[in-house]
Colleague: 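Pasting a structure here, questions to come.
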Amino acid sequence: MDKYDQVIELAKRRGFLWNSFELYGGTAGFYDYGPLGSTLKRRIEQIWRELYVVHEGYMEIETPTVGIEDIFLASGHVGGFSDPLCECKECKGAFRADHLIDKLVPSAETMGNAELDAAIKEHGVSCPECEGELGEAYEFNLMFKTQIGPGNGRQGYMRPETAQGMFVDFLRLARFYREKLPFGATQIGKSYRNEISPRQGVIRLREFTQAEAEIFIDPNDKKHPNIERFANTMINLYSDAGQDTGIVEKLSLADALDKGIIAHEFLAYQIGLTNHFLQRVGIAGNKLRFRQHRKDEMAHYAIDCWDAEVDTDRFGWIEIVGIADRTDYDLNAHSTVSKTELSIYREYAEPKMATQFIVKPNMGQLGPLFKGKAKAVADALKAMTQEELEKDEIKVMVNEEEYTVPGDIVTFAEETTKISGETIVPHVIEPSYGIDRIFYSVIEHAFLEEKLGKSEDDEEEDARIIMKLQNEVAPVQVAILPLLSREELIQHARSIENRLRTKGLLVSYDDSGTIGRRYRRNDEIGTPYSVTIDYDTVDENTVTIRERDSMKQVRAPISGLQEVLYDLMYNDKEFESAGEAL
RNA sequence: ACAUCAGUAGUGUAGUGGUUAUCACCGGGCGUUGCCAACGCUCGAACCCGGGUUCGAAUCCCGGCUGAUGUACCA
């Protein structure tokens, strides 16, 4: 059993992850989050919210998981979120049709299926496996299709990313933020991709949770006002150049910027923030790196793109966050399809006075003279210099034909106009988190099988399984354990349980089985602290607090117990200071 | 998508054609029990689905579903 199997087995058994639809045999690519899993996931999301929504001020929005066709026409998902496949008629192998010919023709990626078929035939390409004849290319679109409304209702698609909902709301968002860059929106929600063959548990799902931010910034100013916050943060960077030699460099973000490895400050800040988030929820720092997209791997519109990758026991390095500078690509795309300008107007601090050379042909005379060609002639005139226009007879070339325009029907002048601002199509910085993959990475990195050494009369080694979850994400924070199941102890335990709940702590009461078993059970689900109630509790109003990782115990009074545990949980209180050592 | 292998209580498993399907942990109840997977009694719980061969199938065959691995794919 490798670590993946152990982690998944525990996750299944203790209520973190279950296969969906198991009752009916299950379907690949769907997982249920059980009681503990849901809580853990929600707590990870909550920290994300705290960082992006509260601290950064990128407000959360919620848009439908179903989208209409236009959105995905614009985003390119209808045409592009699919691969042209080509099957061999002999061996049934499937191949990317464009890859088969991309060495033979200049622009295989942009070709339609018919063109691909023609090119394959023309170059005599056969099956790379068995040399057999290839069938016709067809599209494999990874979006789930659905029908909006009854009958032949409108074509809809389940969204393959949450991002488009935010782009589509751009004008509303810009207005909300009073048209001042930078601003951003975030969304945590489900996205859908009809993967051909999902595997690897929760790593590749057909329905998954994304947390995305779309941050709209000034294309001419990609500095970040708060870059100092992460300037000295050391990051494992696997740069484009580094990937040639396989070297991961540990650099401060300031150095990476100085060396030009990261394109600009705003992106560097996002890398710093992502690094902070991932370690805070419990990703091991030494199993985390940021990999830059290779030049040929990067989408053509992106300037720079970094993936946060996590080292996992079975799958190796997997991508869990993508951070991209998507430039103005998305806004322009939606602008074109919707025929609506998606930009903001920015007023200059000082209006600029611009002198322009303005040509004013007299259309009243030009019209009768040139009839249908008048407009073309006028346009040509407007492009001419003062020197050319000063002649009595102006020669104009239109569509390789020469026309002669009398000089007296064209006036021109230097005019000074006041320009008080400009319209800008913002660039988009997009951190995109795969929450399910982060969830798995967190539990894998927290999973620890600890050997406790041999006990005296037992030959076997005693092993303890612990989930060393961060206090902030643990789905159960305090276990309440009456040492014996006796009525008076149970009463005290129940009242302590209520006391802790009023403080908002996640507690679980457990009185079944021996104390040792209950400790182990809680170690397995990552409960950081246990409170044990015994007869001294009854006599002296004190309890034992036990720390998960060290198994150390202290004795603390019931009064104020909720404050002590809260401080242990959230305020880095030293365990030794929580009570008297035992 | 193709190929190979696999699927038995909640979990991990034994079982290669023949009564009531093995064992452990697990979960519940009762008793016992003073702090790191104690003990006794007791109860609960499974042959992935469908078809076929056979007097008889968890076991053999076919199809499906699910999982693992390899290849392909992976905004």
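Chain letters run A, B, ... following the sequence lines, proteins first, then strands; residues in each count from 1. Nothing here was measured: the structure is a model prediction, and the numbers come from that model. For the numbers below, each heavy atom of this structure counts, side chains included, while hydrogens, waters and symmetry mates do not.
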Colleague: Quick one: side-chain contact (heavy atoms from CB on, under 4.5 Å) partners of A/Leu10, sequence neighbours excluded?
Modeller: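 Partners of A/Leu10 under the side-chain contact (heavy atoms from CB on, under 4.5 Å) test: A/Arg13, A/Arg14, A/Phe16, A/Phe447, A/Ile465, A/Met467, A/Glu524.
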
Colleague: Taking atom C1' of B/rA68 as reference, at what distance in whole Å does atom CD1 of A/Ile203 sit?
Modeller: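 Rounded to whole Å, this separation is 15 Å.
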
Colleague: What residues, two or more places apart in sequence or in another chain, satisfy side-chain contact (heavy atoms from CB on, under 4.5 Å) together with A/Thr65?
Modeller: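 With sequence neighbours excluded, A/Thr65 shows a side-chain contact (heavy atoms from CB on, under 4.5 Å) to A/Met158, A/Arg159, A/Tyr192, given in chain and number order.
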
Colleague: Suppose we define a pair by two distances each less than 3.5 Å, Watson-Crick or G-U wobble; what does B/rA72 pair with here?
Modeller: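 Partner of B/rA72: none.
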
Colleague: How are the rings of A/Phe30 and A/Phe144 set relative to one another: parallel (under 30°), tilted (30 to 60°) or perpendicular (over 60°)?
Modeller: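 Correct class here is tilted.
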
Colleague: For atom P, what is the distance between B/rG12 and B/rG27, given to the nearest Å?
Modeller: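 So the two P atoms sit 15 Å from each other.
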
Colleague: Quickly work out the A/Tyr4 OH to B/rU69 P distance and round it to whole Å.
Modeller: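 Taking OH of A/Tyr4 and P of B/rU69, I get 8 Å after rounding.
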
Colleague: For B/rG44, give the paired nucleotide (Watson-Crick: N1-N3 plus N6-O4 or O6-N4; G-U: N1-O2 and O6-N3; both under 3.5 Å), or none.
Modeller: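 In the structure as shown, B/rG44 has B/rC26 as its Watson-Crick or wobble partner.
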
Colleague: When rounded to the nearest 0.5 angstrom, what distance separates OG1 in A/Thr532 from CG in A/Leu483?
Modeller: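 If I round to the nearest 0.5 Å, the distance is 7.0 Å.
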
Colleague: Taking the P atom of each, how far is B/rG34 from B/rC39, in whole Å?
Modeller: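 Pairwise P distance, B/rG34 against B/rC39, rounds to 15 Å.
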
Colleague: Does A/Glu9 have more than 12 heavy atoms from other residues, nucleotides or ligands lying within 6.0 Å of its CD?
Modeller: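 More than 12 within 6.0 Å, yes.
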
Colleague: According to the Watson-Crick and G-U wobble definitions, with both distances under 3.5 Å, which nucleotide is paired to B/rG63?
Modeller: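 WC or wobble partner is B/rC49.
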
Colleague: For A/Arg548, which contact category applies under a 4.0 Å heavy-atom criterion: base, sugar-phosphate, or nothing?
Modeller: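 It contacts nothing in the nucleic acid.
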
Colleague: Going by side-chain contact (heavy atoms from CB on, under 4.5 Å), name the residues that satisfy it together with A/Tyr329, two or more places apart in sequence or in a different chain.
Modeller: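 Listed in chain order: A/His300, A/Tyr301, A/Thr327.
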
Colleague: Looking only at atom P, what distance separates B/rA9 and B/rC23, rounded to whole Å?
Modeller: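 Between the two P atoms, the distance is 15 Å.
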
Colleague: Each nucleotide in nucleotides 27-35 of chain B should get exactly one letter: B, S or -. Can you fill that in based on protein heavy atoms under 4.0 Å?
Modeller: SS----BBB

Colleague: I'd like to check the ring pair (Phe, Tyr, Trp, His ring centres under 6.0 Å) partners of A/Tyr52; sequence neighbours left out, ordered by chain and number.
Modeller: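 By the ring pair (Phe, Tyr, Trp, His ring centres under 6.0 Å) rule, A/Tyr52 matches A/Trp48, A/Tyr433.
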
Colleague: Using a cut-off of strictly less than 4.0 Å between a heavy atom of the residue and any atom of RNA chain B, enumerate the qualifying residues of residues 321-329 of chain A by number.
Modeller: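 Nucleic-acid contacts, sorted: none.
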
Colleague: With sequence neighbours excluded, tell me which residues meet salt bridge (Lys or Arg N to Asp or Glu O under 4.0 Å) with A/Asp539.
Modeller: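 With sequence neighbours excluded, A/Asp539 shows a salt bridge (Lys or Arg N to Asp or Glu O under 4.0 Å) to no residue whatsoever.
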
Colleague: If pairing requires Watson-Crick or G-U wobble contacts with both distances under 3.5 Å, which nucleotide is the partner of B/rA14?
Modeller: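 Result: none.
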
Colleague: Could I get the full list of side chain to side chain donor-acceptor pair (under 3.5 Å) partners for A/Glu497, not counting sequence neighbours?
Modeller: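 In terms of side chain to side chain donor-acceptor pair (under 3.5 Å), with neighbours along the sequence ignored, A/Glu497 is linked to A/Arg494, A/Arg501.
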
Colleague: Which whole number of Å gives the distance between the C1' atom of B/rU42 and that of B/rG15?
Modeller: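 My reading of the C1' atoms in B/rU42 and B/rG15 gives 27 Å.
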
Colleague: Mind checking who B/rC35 pairs with, Watson-Crick or G-U wobble, both distances under 3.5 Å?
Modeller: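 Matched B/rC35 with nothing under the 3.5 Å cut-off.
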
Colleague: Using the P atom as the reference point in each nucleotide, state the distance between B/rA57 and B/rC47 in Å, no decimals.
Modeller: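 Between the two P atoms, the distance is 16 Å.
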
Colleague: Under 3.5 Å between N/O atoms: give me all the protein pairs with nucleotides 7-12 of chain B, atom names plus distance.
Modeller:
{"unit_1": "B/rU11", "atom_1": "O2'", "unit_2": "A/Glu9", "atom_2": "OE2", "d": "2.6"}

Colleague: Taking atom types as modelled, is there a side-chain donor on A/Glu60 or A/Thr186 under 3.5 Å from an acceptor on the other?
Modeller: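 Result is no, nothing qualifies.
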
Colleague: Give the ring-plane orientation class for A/Phe315 versus A/Tyr4, where under 30° counts as parallel, over 60° as perpendicular and anything between as tilted.
Modeller: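 Correct class here is perpendicular.
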
Colleague: Is NZ or CZ of A/Arg289 both nearer than 6.0 Å to the six-membered ring centre of A/Trp317 and within 45° of the ring axis?
Modeller: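 Yes, A/Arg289 and A/Trp317 form such a contact.
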
Colleague: Distance between the C1' atoms of B/rG17 and B/rC60, in whole angstroms?
Modeller: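 Their C1' atoms lie roughly 8 Å apart.
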
Colleague: Which pairs count as salt bridge (charged side-chain N to carboxylate O under 4.0 Å, His left out) when at least one residue sits in residues 432-446 of chain A, sequence neighbours excluded?
Modeller: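 Sorted pair list comes back empty.
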
Colleague: Strictly under 3.5 Å: I want the nitrogen or oxygen pairs between protein and nucleotides 64-66 of chain B, one per line.
Modeller:
{"unit_1": "B/rU66", "atom_1": "OP1", "unit_2": "A/Ala28", "atom_2": "N", "d": "3.3"}

Colleague: Could you tell me how far B/rU32 sits from B/rU20 if I compare only their C1' atoms? Round to whole Å.
Modeller: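 Approximately 33 Å lies between the C1' atom of B/rU20 and that of B/rU32.
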
Colleague: Which part of the nucleic acid does A/Glu524 contact within heavy-atom distance under 4.0 Å: base, sugar-phosphate only, or nothing?
Modeller: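 Since a base atom lies under 4.0 Å of A/Glu524, the category is base.
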
Colleague: When you compare B/rG29 with B/rG67, how far apart are their C1' atoms, in angstrom units rounded to a whole number?
Modeller: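 Straight-line distance between the two C1' atoms is 36 Å.
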
Colleague: Using the side-chain contact (heavy atoms from CB on, under 4.5 Å) criterion, which residues pair with A/Ile466? Sequence neighbours excluded.
Modeller: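 Expected list: A/Leu448, A/Glu450, A/Arg464, A/Lys468, A/Asp523, A/Arg548, A/Asp549.
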
Colleague: Let me know, please, whether A/Arg204 or A/Glu547 comes out on the 5' side of the other along RNA chain B by nearest nucleotide.
Modeller: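 Counting from the 5' end, the first nearest nucleotide belongs to A/Glu547.
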
Colleague: If B/rA57 has a Watson-Crick or G-U wobble mate with both distances under 3.5 Å, name it; if not, just say none.
Modeller: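 Base partner found: none.
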
Colleague: Is atom NZ of A/Lys190 surrounded by more than 12 heavy atoms (other residues, nucleotides or ligands) closer than 6.0 Å?
Modeller: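 Buried by this count: over 12 neighbours within 6.0 Å.
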
